[in-house]
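Written below as structure tokens is the structure these notes are about.
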There are 2 protein chains.
Amino acid sequence: MLSIINYSATMPNMKRTKEEAQKTKDKILASALDCFSTQGYFNSSLDEIAKKASVTRGAVYWHFKNKTEIFDALHTQLHEPFTQTILEDLAHDEEQPIIQLKHLCIKLLEDLDVNNTKKRIMKLFFECDYSGQLAPFKKQHQDKKLKSLKLFEQYFERAKKRNQLHQHADPQILTLTLHCFLKGILFEYLSGLELIDIKSQGKELIQQFFEGFNTCHNPINL
Amino acid sequence: MLSIINYSATMPNMKRTKEEAQKTKDKILASALDCFSTQGYFNSSLDEIAKKASVTRGAVYWHFKNKTEIFDALHTQLHEPFTQTILEDLAHDEEQPIIQLKHLCIKLLEDLDVNNTKKRIMKLFFECDYSGQLAPFKKQHQDKKLKSLKLFEQYFERAKKRNQLHQHADPQILTLTLHCFLKGILFEYLSGLELIDIKSQGKELIQQFFEGFNTCHNPINL
DNA sequence: TTGACAACATACATGCGTGTATGTATAGTG
DNA sequence: CACTATACATACACGCATGTATGTTGTCAA
């Protein structure tokens, strides 16, 4: 009698244990995120991570070369969703790119506000210091960030093509300005100071930023 | 014959060794800043700090309870100049507080740009994570930050009193917005990514921020 | 069924950082 | 001149985290 599902035919060498090994790896990653985001990277030992994942350090060293590789794996795994969100939004070429961008920013903030996992991830990569053993990953992670920035820049470029910006406006500077602002918000928001409440202030903050401080204002309505 | 300066009269129990002990303490602090800002807090050992200060760990433990106390001492020592600069600026009640504030921001950035020591200090306290042994100092340092924010808020309050802001403008939100932006700039600037060059872009960034993104613009000239 | 390999667990060696206890020299004090 | 306190240096004990080597179990393939 033939087995209902013939693994060796559809996926050669795909043993059932490999699937469970993947589950173990995922559990280790989740556990590491837990430890890192609560105690910090340097205060988390591989033993703590292993125990929280109900395995031993042996399993950890089987799946990862060392602690830094876990750190990098977390970044790799968790950076994509954000890029994906922006890419999907960019697919729509709307009439007023700046307003579209504003809505995207608000959406990103509000998404974050209701997703504790994402918050902990961001908090981790914001607060960790890339010194010591993490130094080699500094450039790599920064490169990914630069690519994200290039995506934001497209909104401003679209706006400029539509003559919706000052003549002398530089998309690169505008992107940088926005990026700094968002980073500042997120940093403050994730600091645990409770200084910023996204739900009640997020929209207002973004709004304020896009309007600027000058008294001559022609508010962009949400 | 009387000694020219009678220490015991002017400062009782002020031995000459105490002065040198203070020098040693300062050297340890400077050395700690060196280590922390280059290798990170958790990657710096007391032995490294001691050796860089040309003393032993014995001296370190004499002047400080432990490593966390050195960390806190650095913050205490180095937070004041910034507060002082703002306070001095606030002493002048100028006609256009927002423009005054803008100039202050630019000044603070440009001061930072030419002062490597200050940069390293800020970098340290931006990138360190207040987890583990540093957790107890999180609130303390945040309280200091909140006080600084209150200072910035005064500019907006002055502006509002002079009817230079929208009716519905909230000084607290405005302060928060500015703070987030500045923090974002500084964070990015100090990250070592070289994404921001204060000398060439600083003024422009601040300018852009104060003007906002809307096309209706009435640029506030520098 | 048996060898081989994957997927771990266990055990061991090592180094490193901390904290503390103790030693020591020097300056002031009565 | 003895005495004490300061300002360190030196020495020791301890735990802890890492990395690696080795052991063990289950699975698949032939």
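Per chain, numbering begins at 1; letters A, B, ... match sequence-line order.
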Task: Nucleotide of dT18(D), dC8(D), dA7(C) approaching K67(A) most closely (side-chain heavy atoms) - done: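 Among dT18(D), dC8(D), dA7(C), the one nearest the side chain of K67(A) is dT18(D).
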Open item on the list: For dA7(D) and H63(B) - does any side-chain N or O of the residue sit under 4.0 Å from the phosphate oxygens OP1/OP2?
Closed with: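 Negative; the distance criterion is not met.
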Open item on the list: With a 4.0 Å limit, can you tell me whether T24(A) has a side-chain N or O closer than that to the phosphate oxygens OP1/OP2 of dA7(C)?
Closed with: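 T24(A) to dA7(C) OP1/OP2: no side-chain N or O under 4.0 Å.
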Separation of [N] [atom2] from [X] [atom1] (nearest whole Å):
X       : N       : atom1 : atom2 : answer
I49(B)  : dG19(C) : CD1   : C1'   : 15 Å
E19(B)  : dG28(C) : CD    : C1'   : 14 Å
Q133(B) : dG17(C) : CD    : P     : 13 Å
K23(A)  : dC8(C)  : NZ    : C1'   : 17 Å
D47(A)  : dT18(D) : CG    : P     : 9 Å
K18(A)  : dC5(C)  : NZ    : C1'   : 10 Å
N43(A)  : dA17(D) : CG    : P     : 10 Å
L46(A)  : dT18(D) : CG    : C1'   : 7 Å

One thing to verify: whether [Y] and [X] come together as a salt bridge, which I'm taking to mean a side-chain N less than 4.0 angstrom from a carboxylate O.
X       : Y       : answer
K147(A) : D143(A) : no
K65(B)  : E69(B)  : no
D34(B)  : R120(B) : yes
K145(B) : E188(A) : yes

Checking [X] against [Y]: charged group under 6.0 Å from the ring centre and within 45 degrees of the axis?
X       : Y       : answer
K183(B) : F126(B) : yes
K118(B) : F82(B)  : yes
K25(A)  : F64(A)  : yes

Task: Counterpart residues, side-chain contact (heavy atoms from CB on, under 4.5 Å), relative to K119(A) (two or more places apart) - done: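 With sequence neighbours excluded, K119(A) shows a side-chain contact (heavy atoms from CB on, under 4.5 Å) to L112(A), D113(A), N116(A), Y189(A), L190(A), given in chain and number order.
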Open item on the list: Based on the rotation axes of five pairs at each end, what angle does the helix from dT1(C)-dA30(D) to dG30(C)-dC1(D) bend through, to 10°?
Closed with: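 If I round to tens, the end axes sit 10° apart.
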TODO: Check DNA chain D against residues 31-42 of chain A and give the residues with a non-hydrogen atom under 4.0 Å, in numerical order.
DONE: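 Heavy-atom cutoff 4.0 Å gives no residues at all.
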- [ ] List in numerical order all residues of residues 55-62 of chain A for which some heavy atom is under 4.0 Å away from an atom belonging to DNA chain D.
- [x]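 Residues of residues 55-62 of chain A that come under 4.0 Å of DNA chain D are, in numerical order, R57(A), Y61(A).
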TODO: Could you pull out all residues at least two apart from R57(B) that satisfy salt bridge (charged side-chain N to carboxylate O under 4.0 Å, His left out)?
DONE: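 Counting only residues at least two positions away or on another chain, R57(B) forms no salt bridge (charged side-chain N to carboxylate O under 4.0 Å, His left out).
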Task: With E153(A) via salt bridge (charged side-chain N to carboxylate O under 4.0 Å, His left out) - residues at least two apart - done: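 Per chain and number, E153(A) pairs via salt bridge (charged side-chain N to carboxylate O under 4.0 Å, His left out) with K150(A).
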Open item on the list: Tell me if the centroids of the rings in F209(B) and F209(A) come within less than 6.0 Å of each other.
Closed with: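 They qualify: ring centres under 6.0 Å apart.
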